[in-house]
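Structure first, then comments.
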Amino acid sequence: MAEITYREALNAAMCQEMDRDDSVFLLGEEVAEYDGAYKVSRGMLARYGDRRVVDSPISELGFAGLCVGAAMAGLRPICEFMTFNFSILALDQVINSAAKMLYMTNGQIPIPIVFRGPTGAALQLSAQHSQACETYYVHAPGVKLATPATPADAKGLLAAAIRDDDPVAVMEGELLYNVRGEVPDEEYVIPLGVADLKRSGDDVSIITHGKMVHVALQAARTLAREEIEADVLDLRSLRPLDADAILRTVAKTNRVVYLEEGWPYAGVGAQIVSLIQDEAFDDLDSPVLRVTQADVPMPYAKNLEQLAKPGVKAVVEACRKALYTAGTPA
Amino acid sequence: MAEITYREALNAAMCQEMDRDDSVFLLGEEVAEYDGAYKVSRGMLARYGDRRVVDSPISELGFAGLCVGAAMAGLRPICEFMTFNFSILALDQVINSAAKMLYMTNGQIPIPIVFRGPTGAALQLSAQHSQACETYYVHAPGVKLATPATPADAKGLLAAAIRDDDPVAVMEGELLYNVRGEVPDEEYVIPLGVADLKRSGDDVSIITHGKMVHVALQAARTLAREEIEADVLDLRSLRPLDADAILRTVAKTNRVVYLEEGWPYAGVGAQIVSLIQDEAFDDLDSPVLRVTQADVPMPYAKNLEQLAKPGVKAVVEACRKALYTAGTPA
Amino acid sequence: MARANREMGAAVAGIEGPEAANGREPAAAAGLRGFSREELHGLLADMLLYRRFEEKAEEAYAIGRIGGFCHLHIGQEGLAAGAIGPLRGDDLVITAYREHTQAIAKGIAPRAVMAELYGRATGCSGGRGGSMHLFDTTVGFYGGHGIVGGQIPLGAGLAWAIRYRGGDQICICFMGDAAVNQGAFLESLNMSAVWRLPVIYVVENNGYGMGTAFARVSATEMEARSGAYGIPAHTVDGQDVLETYRFFEELAGRVRGGAGPQFVNAITYRFRGHSMSDPVSGTYRSREEVESQVEERDPVAILRERLMEAGLLTRGELEALDAEARAACEDAAEFADASPLPDPATLYDHVYAEINPHGRLFLDGRPGAPTGGRARVDGGGRHG
Amino acid sequence: MARANREMGAAVAGIEGPEAANGREPAAAAGLRGFSREELHGLLADMLLYRRFEEKAEEAYAIGRIGGFCHLHIGQEGLAAGAIGPLRGDDLVITAYREHTQAIAKGIAPRAVMAELYGRATGCSGGRGGSMHLFDTTVGFYGGHGIVGGQIPLGAGLAWAIRYRGGDQICICFMGDAAVNQGAFLESLNMSAVWRLPVIYVVENNGYGMGTAFARVSATEMEARSGAYGIPAHTVDGQDVLETYRFFEELAGRVRGGAGPQFVNAITYRFRGHSMSDPVSGTYRSREEVESQVEERDPVAILRERLMEAGLLTRGELEALDAEARAACEDAAEFADASPLPDPATLYDHVYAEINPHGRLFLDGRPGAPTGGRARVDGGGRHG
Ligand SMILES: Cc1ncc(C[n+]2csc(CCOP(=O)(O)OP(=O)(O)O)c2C)c(N)n1
Ligand SMILES: Cc1ncc(C[n+]2csc(CCOP(=O)(O)OP(=O)(O)O)c2C)c(N)n1
Ligand SMILES: [Mg+2]
Ligand SMILES: [Mg+2]
C-alpha cells in the first residue's frame, strides 16, 4: 500500500485494466502525446503505443459516438472528456446511443464504455467551465455513474467501471487530482453500488458524493468541536445507488443534510430527498436539508465564486438547523 | 372565445406576437414550406414570408446557436425543435450560451429566445423518440420552462414566453395538438409562474404538469367514484415555479402525488418532493408519492409501452396509497 | 446476406462481348456484362422481395398492425441490393431509420423484420425497437438509428474496431441526404480520414429530407461535402442496381485493401411520403415529379425491363419470382401476426447488461422493477 | 475601434511609387504602400499595446492577481490589429477565449479588460466573466466564449440579425484551428452559405490546439475546409499586419457589399504556452521551433523593422510609442488593482433579465436568493 495521488490512482486503474484486457483503449483530447490535459494518462502512450492511447480532434460528439460504436463491436473504450463541461456536446451520443442501445437491441449490443474526466468547479474558471454534470448523467436509465472522492476509491471504482458491461460515467475532480492517500498496489476493484461511511457519528447524517466528501469531513470536524457528531456517507456511485446505506444512516441519526456541488433544481440531492421521505418517512425528525451550489451560473470573481460554491460553513449551518440548534426551521 | 385545438392556439400565439413585434421570427426544421412537421405553423409562411418563417437544415446545435446569436443582437427568435428529443444535440448552446450569457456579460446581453416543440412520448415511437426532456431544461439556472396542458394555456403561456426577456423553453405534447378547448380570441397572455388548479378536492393533491394534467384529471374522476376528491394542480411553468400554490394544496390535503411523464431519477418530481418536505414538513400526513415513467428507455411494443408510461391506474393507486386506503405504505 | 451475394458465376453467353447478336451489342445488354443469369435473377428477386415487403408493411400499418413512425424504402431498393449485396457476411452495416430492406439485404429474415415492425417478441429486436431500430449482430446489421446523423459516429466506431483488431472487414454507414448537415458528419468523416478507417459513407440521396429539398439547405452539390476531409467522393445511380452493385463490389474491395474511407453520393428517389403519416406529394414536391420518377426511375422496373429486353427474363419467370416474393412477405406477416407480444415481465430487462449485486439501479420503486442488493446477471451480458 | 482604424490619409511620400530613392523601391517599403506614416505608427502602437498588455497580464497572473484560465495572444497580435482594425465601429466581433487583445482592438479600454481579468466590478463583464468572457456590446464586442467552437453558430446568428434588419454591418467570427473539427463549424458555415450571411470566419491558425498539431487531427489543409459549403477560402499571413490589414479592409468591403460569407485561414503562431499553466514548449513542439518563430515571425518586430528600414520610424519614436503602451498597461493594472470586487449582494443579479412577478425562479432557498412573488425587474432587462 503506497501513498499516491488521486491522479496516479486513476492512471493505475487504467493500466491495471489495459494490462489484463487488450480490448480496453483510451481515447480523448490530449491523452497521448501531451500525457493528458491534467496528466492523468502520464506515460500511457509510451507504455501502450498509439494504437491504444489515442489523441482525438476536438469533436466531443464525434469521438464519444466513435467510442460507442467501437463498444458496439465489442471493444471497451475509455473515453476521456477533458472536462465533463464539454461532454454536453456529446450528450446525444451518451443518452440516445450508449444508454438506450442495449434496450433497443433487446440485449444484443451491450455498451461497455467508460466516460471519464473531471466535473464541477475548479478555481475561477467561470460559468462555462465550472458545471457539475451529474444530473445529465443520472437522469436517463442505461448509464451508471461513479464519483470517487479519494485515491483508493479512484483506483477501485474506475477499475470496476472499466470491467462493467454497461456505460459508466466516472466523474472526477480537478481539485482532487493532487490529493494523496493510501492505495492498494495490487489488483483493486471496488464494486459499484456500495456507499462508504467515511466518518461515523450519531447526531446528523451528511450524505454526499465526489469532491464534496472532503467538505463534508471538514464540516464534521467543525461540528465535532461543538460536540455534534456527524455520519459522513459517501455514496461513491450514484447509479447504482446504495439505498440501504442511506436508509441506515437516516435510521441512525434521523436528521440529514445532502451536500452536492451542482445546482439544486432536479439535482442528485432532490432524488435522495425523495427516496428518504418515501422510504424512511417516520425516521425523519426534521426535513432533509440540501446544500448546493447557488442557483446561478458560476461567476468568475473570487468573492462571488466562493459565495456560489457550497462550503463548509453552509454545511455546518445546515447540520445545526437540522438539529434545531439554529432555532426553528424556516 | 372560440373552441380551437391546442395546435391552433400555439399558432395563434405566435401570430399574435409576430404581429406586434417585427423582431420575432420562427426558425426550425419544416416550419415554413411544410407548415410544420406537426402543422403548428400552418399558414405562417404565407402570412409572414420567408424572412420571418424559416426552414432550417437538420442542424440542431447550429440553428439553436444561430438563434441564440440572433437574440444576442436583440432579435426574439422562436426556435422550433421538431421534437425536444432532438434538442439534446443542441443542449450545449442552450446551457452554455443561452442560459449563461446574461450572467457572464453582467447583464449586457439578454437572450429573449423561445425554444419550443413537443416533448415526451407519443405512440410507439420507441426509445430515441419518446423522451421527456424537462430535467435537461430546468437543471441549469438561466432558462425558464413552461408546459401548457390546454389550448388556452398554450396560447397564453407561449405568448408570455415570447415576450419574456429570458430564454424560455415551451414544451408541448404531440398527443395534445388535437385537443380542443375554449381559447380567448383577443390578445391573451398568461404570466409565467402561476399554477392553475384544474380541479378542486380536499382529500389528496395530484400535482403535475403538461400532458399529464389530462391523466391526473381522469384519475381524479375515477377517484371521485370512490368518494375521494382530488385537487389537481397544474404547475404550468416549472421555472418560475409556483411554490405558493404547491404549499397551498399540500396544506389543504396533506397528501400528495407528483405525476410526470419523465424518468424518476432527478426528475421534476424529485425537486417538488424536496420543496414540499422542506417547507411543509409538518403538513404531510404521508410521504409524497411519485408516479413517473418506468425507469427504462421507452420500448416500442404496444404492451410494454403502456406498462412503461405513467397512467391513470398508477395515479389512482398512488392516491389510494397516500390515503392509506391501500393498506400500510411499503 | 441477400441472395444476390453469391459467388460470381460465369458471365451469360450472348451479352459477353462485342461479338453479340448481329455484331452490335444491344443497349440493354451493355449494362448486364459480368453478371450471370442466375445472379441477375437473384438481384431481381431481392428487389422484388424488398418492394413487396414494404408494400406489406404499408398495408399492415394501414390496419393498425404496425405503429409509430414507419419509413418505407420503396423506390430506393436498388441501394439495399446494390450496396449491401456485394458485402461479405462479416462486413458491418449501420444506417438510419428507413432500413427495413437494408436489414433484409444484410441477412435478417423477413419474418424477424416484420415481427419487429409488429412489436412482437420474435422480432429481430424483440419488439423493443420497432421500425426504426432493427438489429441483428449475428449478420452484421447494427441498426436502425433514429436521430438524424446519430449513426455516423457509430459507423466510424465500428470501423475503428475493425482496424483495432486488424480485421479485413469493412463497414458501410448509410445516411440520408439531410444528415450531411449534422455536425456529426464533419466530426466522423474527419476522424475517419485521419485514422484511415475502413468505412464507406453512403448518402441515399433521395433529394429530400422530409419536405426539404437538398438544394434549399445546401449551397453546394453533395459531392462537395467530403473533400474537406480528403475523402474521395463518388456518385452512383442508385436506381441502376447493376451499376450500383458493380460499383460497390469494386469499392468494397479497395477499402478492404486499405484505401481508407470513401464517400458515395447514391442518387435515388423516395416513391412514398416521408413516413406513413405524410402524403406522397405536397407543397415540397409535385405529383408530376413523383409520377415521372415512378414511371422512369423505378429500380425494380429498370432491371426487369432490361432483363426482358435482353431476353434473359420471361414473363413467366418474372411472375414466379414475384409470387415467391409475395409469398415470403405474406408468410412474414402471418408469422408476425401469430407471434406473441413481449412478456410484460421483461419490461426491465436489457436496460443494463450487468445488474450490479449492490445498490439500486432502478429508481422508480415500481413493483416489477428489479431492486438493489439482488445479484441478477442479465442474459444480455457478455462479461468475460 | 483600435487606433489604426482611422481615415486612410494620404500615402507617405517616398514609398509611393517606383520613382523611389535611386529608382528602385526598397523591399521594406513595398509592403507599406497605401499606408500613411501616421497609420503605420498607429498600427505599431496598437500592437505594442497588445503585447505589453499581455505581458502585464502574465505578470499579474504570476502573482495571483488573475485566476482561472488565462490564454495569452502573444505572437498573434497582428490579427487583432489587422483584422479588427479595418472594421467599422458598428461591425460585430465574436471570438473564443484567447481574446484580450481582440477586445481592446474592438474598442474596450485596457482598464476595463484588465479589471475583468482581475475579477473586479469595473471589468467589462463586471468581474463575472473573467479572461475567457470579455464583452462590451457598446463597441460591438460579443465575447469571449469558452466552449471550443461554441461561438461559431453565435457568430452566424449575429450576422443573421444584421441581414434580418437590412443593416450593412458585418460580423467577424474568430476561431482557433482546432475549432474547425467541431460539428458546429459545418452547421454554421452551411447555414451561412445558404442564407448568404455577412460573416467572415477567421481561423487564427497558430498550428496547434493545445498540444495537438493541426496535421495530427486533419487529413487536409485548412483551406480545404470551407469549400464543402461553397464558401471561398483565403489565406493571409497574420504575422504581416499590413498585409492582414489590407486584406481584411478589402474583404470586409466585399462582404458589406453582399459577397456572402468568407473563410480566412490566417497563419500565425502562439509564442507562449496554451494557457498560463502550460509550458511554452514540450512534447508537442520543440524549443527550437518556438525560438525560430519568435526570432523570425514576431508580428511586432516585423512591422518595427520594416518601418525602421524604410526610414519611417526612429529609435526615439519607437521608444516613445513603447513607453506609451507600457504606461497604458501599467495604468490598467493599477486601475484594476484599485477597483472593488463585485458586491456580494449581486450574486443573483443577471441570472434572469426579467424576474417574473409570480413563482420562484431560484430553487436553492438560500438567504440572499430572490424569492418568488416579488416583482423585481432587473436593470439588465430590455423589455420593450
Ligand atoms: C436530429 C434529428 N432531427 C430531426 C429529426 C426528424 N426527422 C426524421 S427523418 C428527417 C428527415 C431526414 O431526411 P434524410 O436524411 O434525407 O433521410 P430520408 O428520410 O430522406 O431517408 C427528420 C427531419 C430526427 N429524427 N433527428
Ligand atoms: C468543447 C471543448 N473541448 C475542449 C476544450 C478545452 N480546450 C480549450 S482550448 C483547447 C484548444 C483549442 O485550440 P485552438 O482552437 O487551436 O485555439 P488556440 O488555443 O490555439 O487559440 C481545448 C482543447 C474546450 N474549451 N471546449
Ligand atoms: Mg432524404
Ligand atoms: Mg490553435
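All chains are named by letter (A, B, ...) in the order of the sequence lines, taking the proteins before the strands, and each is independently numbered beginning at 1. Note: hydrogens, waters and symmetry copies are ignored here, and every other heavy atom, side chains too, is used. All of these numbers come straight from a predicted model, not from anything done at the bench.
Looking at C:F214, there are no atoms closer than 4.5 Å to chain B (heavy atoms on both sides), in backbone or side chain. Using a 4.5 Å cut-off between heavy atoms, C:R120 makes no contact with chain B at all. Both the backbone and the side chain of B:P57 come within contact range of chain C, judged by heavy atoms closer than 4.5 Å.
Taking the six-membered ring where the residue is Trp, the centroids of B:Y300 and C:H133 are separated by 6.0 Å or more.
Taking B:T292, B:L123, B:N303 one by one and counting their heavy-atom pairs under 4.5 Å with chain C, the maximum is reached by B:N303. The candidate from B:P299, B:S59, B:S56, B:A32 with the greatest count of non-hydrogen atom pairs under 4.5 Å with chain C is B:S59. Of the listed residues B:Q128, B:E60, B:Q306, B:E305, the one with more heavy-atom pairs under 4.5 angstrom with chain C than any other is B:Q128.
Inter-residue side-chain proximity for C:V351 and B:D295 is flagged as unmet; no heavy-atom pair is nearer than 4.5 Å. At a threshold of 4.5 Å between non-hydrogen side-chain atoms, the residues B:L89 and C:I147 count as touching. By the 4.5 Å heavy-atom criterion applied to side chains, C:T212 and B:E29 are not counted as neighbours.
Heavy atoms of other residues, nucleotides or ligands lying less than 6.0 angstrom from CZ of C:R287 number 12 at most. C:E221 CD: 12 or fewer foreign heavy atoms inside a 6.0 Å radius. When the shell of 6.0 Å around NZ of B:K302 is examined, it contains 12 or fewer heavy atoms from other residues, nucleotides or ligands.
The shortest heavy-atom contact between C:G129 and B:S126 is O-OG, 2.8 Å.
With rounding to the nearest 0.5 Å, the separation of CE in C:M210 from CG in B:D55 is 10.5 Å.
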